[in-house]
Amino acid sequence: MLKKLSLPKIRKLGFKYQLIAPSIIILLIIGLFPLVYTLVVSFQGITMMDNDTSFHGIKNYVAIADDTRFWGALFHTVMFTVIALPIELFLGLFMAQLFIEKLPGRQIFIALLVLPVVVAPIVSGATWSLLLDNRFGPINQIINWFMGEELTLLWTINPTLVYPAIFLAEVWQWTPFMFLLLLAALSAVDKAQLEAAAIDGASYWMIFTKITLPSIWPVMAVAILIRGLDLFRLFDIVWALTKGGPGTMTETISTFTYVKGFQQFETSYTGAVALLIIIILSFVVIGALRKVELSR
Amino acid sequence: MNAKLKKNFKTGLRLAGAVVLTILFLFPIYWLFMISFKTADEIYAYPPVWWPESLQFSNYAVLFKDGDAATVGNSLIVAGTSTVFAMILGTTCAYSIVRFKTGGDHLANWIISQRMIPPIAIVFPVFILYVWFGLVDTYFGLILLYTAFNLPYVIWMMRGYILDIPISLEHAALVDGYTRWQVLWKVIFPMCRAGLFATAIFTFVFAWNDFIFALVLTRTEVATYTVQVTHYFGGQSNFWGKISAMSVLGTLPIFFIVAFMQKYLVRGISLGAVKG
Amino acid sequence: MADLRISGLHKYYGSMHAVKGIDLEIPSGEFTVLVGQSGCGKSTLLRTIAGLEEIDQGTVQISGQTVNDLAPKDRDIAMVFQNYALYPYMKIFDNIAFGLRARKVEKTEINKKVDHVSKMLSIDHLLDRYPRQLSGGQLQRVAIGRAIVREARIYLFDEPLSNLDAQLRDEMRGEIKRLHKELGKTMIYVTHDQIEAMTMADRIVLIRDGKIEQQGTPSDLYDRPKTKYVAGFLGSPSMNFITARVVTQGLGYGLILENTAAQLKMPENVSQRIGEYLGSNILIGIRPEHFSLNNESKPEDSGTTIEVSIDLVQPTGARTYVSFKIGQVTAVAELNPRDIRQNESNLTLNVDVNRCVLINKDTEFSI
Amino acid sequence: MSTTGLELSKTRHLLKPLAWSTVAVLTLSMFGCGNDAEQSTSGPISTDGKNAAQIAVESAKPLCQDGKTITIVWEAGLQSLDPKNFSGPKWEEETGCKIEVVEVPTSEMFTKIMQEYRANTGAYDALNVIPAWMPDLAQAGALEQLDSYVDKYGYRGELQTIASTYRDNQMTVDGKIFGFPDDGDVFLMYYRKDIFARDDLKSAYKNKFGEDLVVPTTWEQFIQTGQFLTDALKSEGIYGASMFREPGYGNFMFQERFRNEGGTFFDSNMKATVNSASGVKVFKDWVTENKFMPKGVEKFGFVENLAVFVKGESAMTISWPPYGRFAAGYLENEEALSWVPKTTIADKVGYALPPGGHPELAAGFALSVASTSKNKELAYLFIQWLNSEEISNERVQLPYALRDPFRDSHFTNEGYQALWPDAKEYLAALSAAAESGLLDLSLIQTDKYEEALRQGISRLWAGENPQTILDDVAVEWDKITAQVGVEKQKTVYKSWAAKSGAYPN
């Protein structure tokens, strides 16, 4: 049957497109344009010295394959993600367990504990570089009190300490995020189920793994996804603490791209790198979503 | 009695744990704040000084005298305005997607996918774009960028809230004699007020705390406080006094906002995964 | 004069055909109830009248004016919603005044009208409260107040009582009926509850699967259902349908109930209609109240009684419902409790054959 | 459970659209190339015995009538207090042209200048440029050639009175003028006169080594003296020396010591030789020296090192000129200097050339005009005025700013010499240092070479083997050279190496 397009239909269409138009236009400008631009540039040969806009084929992409510094940065980024994420998750879960039941001053504790989350990452990087300063920072001093001798740990220089230093800052800033989320998720677990299980004689561990964990899993999955994506673009904290040093030992994808693109002006090369990151990220996200979906 | 004792003991243990954790997590913030009140002598003292002899405001005085403190004002203008824009545009967009299924699933998915792009990957093209249109180092440029960057988040969040609004409220208003636009203003916006707050905190915090976009897209006119903080490290070594004072100036407003909006935090933080 | 005329109305939701060509005229000042099972399209119909749904085909005219293209606000209608649709962030007064403000009514006038309406509905003491502070019944009154304060040409009610408990529902039914009398306006009322339809309607429009099954006064539909569906839909407990074979009995015809030996003699006026079914099966519909106890056998009852054995007795106080089997079919009879003796397992029931409904088994139209 | 999740099942389509967007290719006109605006060609204007500052002011006045604004890029922080508080307002008062200062941290300056040039915004008129970048910026086309302006506005004469090291080495690329040296940044050794004069130390030193305790002039001496002083004075909280060790500054110190030890950066085939014995010796010496320096010296930058020195906790240090002023407590109450710890050693500071005798002319600044400027003429006049004999003499004396003497007349400026008791010695030392100073390595893409070296230094502090590190740095350098083009880079290097300050004579 042929649908008759009466006047109000048109008017409504107009209305619904009027509503989304500004957002979509802005997103196209800021979201789509850069992708297209990057794609075009990545096939050219623009460098600091040479504004060469001729077609260079996949030269830049081939160069990435040989760039050990890029792969190193990618490796570091992945490593930061797979180490920091579980730490934040478990620490956050532990803290949430601590606060799930009644506690005097609970609200105040929670209010104070979330403060690190809203500190600007660049500021928290700066703060930790103050704290970890080998000479003027308090952390070494505290360690010295415990050790009873005068050590000077070079947190941002020593290769064995620089990762812990970054993890400290990262975990400090984002564990409260996990905590807040998991606390909310735990509070939403059906109390009746827990009581029923307790009456059935289930152990604490059984209750936790068979009831609590499955109920909070959707929230955990979202938390992992959000934080995972954030960690993948880690920039501010590393920039403030080490600038990728010592050497290129803590360089992440983002700091690498910044150095290549904005300090060395390998514009086309950086374009190729940026696109590659987006592609890698797409696969990671799709994979992660699949995984999350399967376990549901 | 025994059970009660045991319970009290457990609570005491948990309380102790809570206190220790809170101290651990607040210590860095304490240190940051405290340094800003130290004299240069105290900042560069070895071993470090844990409590300044007297509270010095000279680190702040310098920031105000040189006009560096104005960058907090820039942050406020940029973050505030972009939040208002993102909230209005995002909410209307979300409304259209929810009520009229505009664009179907593909549009909604494309929008949220925008949030996954790493800032570093788009910042250079955006800079080029801004140069063409003369938007570098303008309030409008940063506002536009933050609005755009926050839009997917706002749309995603508000979508959830609008889904919760009974459609009959809108129908009632339509029947009562309001136009669709009026319904949006008089029904939808007031109805998702809690959602607007929760979402707005995070759009604001994002814009307020952003570093990389502001670093590339500003020069001096509209430099935000995060960019200003980094002016004090790297160049002539690290000016800890200025770094900390500037950081405190930029962090305090956020702390206040969070303190007042505590109850909206959770849903905002979790992309709506937890209904708060 | 018809206040509302709907012709050839169709409505689709994607591939779903929700309203399948409805023609309807609603006279001015009448209380019309659109009734049907949930999902039958009655609410959709109401919303197309309100302008909340687009019309895919057909026209809606109000007072002779085609309103297809008019926005809801320009149709001069008022509507009461199922879940009240009160704005939680506004006080009751503002909720009621909301529609008047949209129409730029003067402030003093608004006060006067809200005052009047709230007194009429006895909610004048609630004006300063928020919806969350009110009970369900109070909310319902506010929702109605908001509609009637508008003084629209047509009032629409979308299952307004379905969220109330039984007692309040009875009360509000009366209240709405009273309002209709007072205001004398055209009202269109949607419900799935046949009791509401029966008690309130001047006219019932029974909708089934996007089409009008039957319309008419309550007694038209109750006593003279055009189809099995209508017959079964109205009345509670609903009508008992029993397959029966048409046979000759005396000068007229009789019905042998399936799987039983019972044979009912049809009165003359009925017999005229069933002659053509002789030898074949039809359905006989008997409402529970068309059974009665045959305590002392009278000769005129011969041919209109059946013997049944009791399955279950459900007393409700005023009436008692007795279930029993007729052949394979479970039937219910509504009896006077005083007539039923304790420990009785078998009954002889009279059937009011004059009021039975006979239905063509194939077409399900009444005969 | 009141969680809805992200409606995760739906989100799996999320990236499909992302894929579309990457595929959709729009042909966009790329940003335009730099505009080669016409050079100022008119002949020289009459000078009538006016000095360069006066000429600049008078030539600018007519151009400034409609209230133009000149934008100048300056290092963020203290440096920019000069144009913000002093020279900017003064210029506006004299000509009517406003000065807008764009503050950029050093680490971002090159980036920002290139960025704006690339984008052709015309946002910057005048620039502060670190001389080592000048070849890069000039070859990329970001800098305006200044010769014709210099002739037009009669500035050659005053350019000649800039101290020769700076004038000959930090002004030109391929013989063309691209900037005016504007900051006499040269390392100097600062030492504690009082400590070196202590009798107990003198005799103890003599007993131990059979020599007099003197301010060291070789690195061997430095190590011996430093270790001795630390051993003797640690109980008093004083170390023999403290030093920049943070990689950014370490880069300058390495370049200086490497050449003082006889090293050369490249051989005749343009192969990197930074991993020669001289390089390894520098690295090894550093590790040795750190042992007698304050704990955590590995991270010392400008302020940390300054703090230790002015608090009297170290006997020797090497740094840029402001140390001399700050240590002397010259106008220490100036609010802008509240970040400097209060000096406890005023009048106790001596000035000397660092061991080896050839200090690094580390970083420094030159004033240039951006090629994309829309006000080149005015931008030029402003930097000529800033750089002129008259105005620069005032600027190098600003207590808060960090511009240091770079003209012959600065070193002999009587007002300056009277600013604090030892100011005269200080200026003399600076002058001597400038004469024997060594230039920063300057090639095409110098920053890449420096970055490799900086990373090497940070690896040294991370405890790696000096030879391994320097071998890696050399490999990295060769890679960069290959990228630039060996022959091309060789030419640039040769012309740099031919300069008087490239290697010690």
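Chain naming here is simple, since letters A, B, ... match the order of the sequence lines and numbering starts at 1 in each.
At a 4.5 Å heavy-atom cutoff, B/Leu13 makes no contact with chain A through either its backbone or its side chain. Only the side chain of A/Phe235 comes within contact range of chain B, with heavy atoms under 4.5 Å apart. B/Tyr130 touches chain A through its side chain: at least one heavy atom from C-beta onward sits under 4.5 Å away, while N, CA, C and O do not. Neither the backbone nor the side chain of A/Thr255 comes within less than 4.5 Å of any heavy atom in chain B. Of the atoms belonging to A/Leu130, heavy atoms from both backbone and side chain fall under 4.5 Å from chain B. Both the backbone and the side chain of B/Val19 come within less than 4.5 Å of a heavy atom in chain A. Neither the backbone nor the side chain of A/Leu234 comes within contact range of chain B; no heavy atom of the residue lies under 4.5 Å from a heavy atom of that chain. Interface remark: B/Leu151 contributes side-chain atoms only to the contact with chain A (heavy atom separation under 4.5 Å). Both the backbone and the side chain of B/Thr11 come within contact range of chain A, each with at least one heavy atom under 4.5 Å from a heavy atom of that chain. With a threshold of 4.5 angstrom between heavy atoms, A/Ala111 approaches chain B through its backbone and through its side chain. For B/Ile43, the part lying near chain A is the backbone, with the side chain staying farther off; criterion is any non-hydrogen pair under 4.5 Å. Heavy-atom distances place both the backbone and the side chain of A/Glu101 under 4.5 Å from chain B. With a threshold of 4.5 angstrom between heavy atoms, B/Ile35 approaches chain A through side-chain atoms but not through N, CA, C or O. For A/Asn140, no part lies under 4.5 angstrom from a heavy atom of chain B. Of the two parts of A/Leu27, the backbone and the side chain both hold a non-hydrogen atom closer than 4.5 Å to a non-hydrogen atom of chain B. Of the atoms belonging to A/Ile29, heavy atoms from both backbone and side chain fall under 4.5 Å from chain B. Using a 4.5 Å cut-off between heavy atoms, B/Ala18 contacts chain A through both its backbone and its side chain. In this structure, the portions of B/Leu15 lying under 4.5 Å from any heavy atom of chain A include both its backbone and its side chain. Only the side chain of B/Tyr225 has a heavy atom closer than 4.5 Å to any heavy atom of chain A. Looking at B/Trp50, the atoms closer than 4.5 Å to chain A (heavy atoms on both sides) all sit in the side chain, from C-beta outward. Looking at A/Ala21, neither its backbone nor its side chain comes within 4.5 Å of chain B, counting heavy atoms on both sides.
Atom CZ of B/Phe133 sits in a sparse spot, with 12 or fewer heavy atoms from other residues, nucleotides or ligands closer than 6.0 Å. No more than 12 heavy atoms of other residues, nucleotides or ligands shown are found within 6.0 angstrom of CZ on A/Phe94. Within a 6.0 Å sphere centred on CZ of A/Phe109, other residues, nucleotides and ligands contribute more than 12 heavy atoms.
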*Are A/Phe262 and B/Val123 close enough, and set up right, to give a side chain to side chain contact (heavy atoms under 4.5 Å, CB included), and what steps lead you there?*
CA-CA 10 Å; A/Phe262 287 97; B/Val123 66; 3.8 Å; yes
*Kindly determine whether A/Val123 and B/Val248 satisfy side chain to side chain contact (heavy atoms under 4.5 Å, CB included), including the steps that lead there.*
CA-CA 9 Å; A/Val123 168; B/Val248 169; over 6 Å; no
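Between chain B and the options A/Asp230, A/Leu229, A/Asp236, heavy-atom pairs under 4.5 Å are most frequent for A/Asp236. Ranked by non-hydrogen atom pairs under 4.5 Å with chain B, the options A/Gly105, A/Ala223, A/Gly137, A/Gly261 are led by A/Gly137.
You'll find the side chain of A/Trp128 reaches within 4.5 Å of the side chain of B/Pro28, heavy atoms only.
Tested against A/Leu113 for a side chain to side chain contact (heavy atoms under 4.5 Å, CB included), the candidates B/Leu24, B/Leu26, B/Thr22 yield a single pass: B/Thr22. Considering A/Thr267, A/Thr270, A/Thr257 as possible partners of B/Phe124, the one that fulfils the side chain to side chain contact (heavy atoms under 4.5 Å, CB included) test is A/Thr267.
Between the CZ atom in A/Phe15 and the OG1 atom in B/Thr92 there is a gap of 9.0 Å [rounded to 0.5 Å]. Atom CZ of B/Phe255 is separated from atom CG of A/Leu115 by 4.5 Å, given to the nearest 0.5 angstrom. In this structure, OH in A/Tyr258 is found 7.5 Å from CD1 in B/Ile120, a value given to the nearest 0.5 Å.
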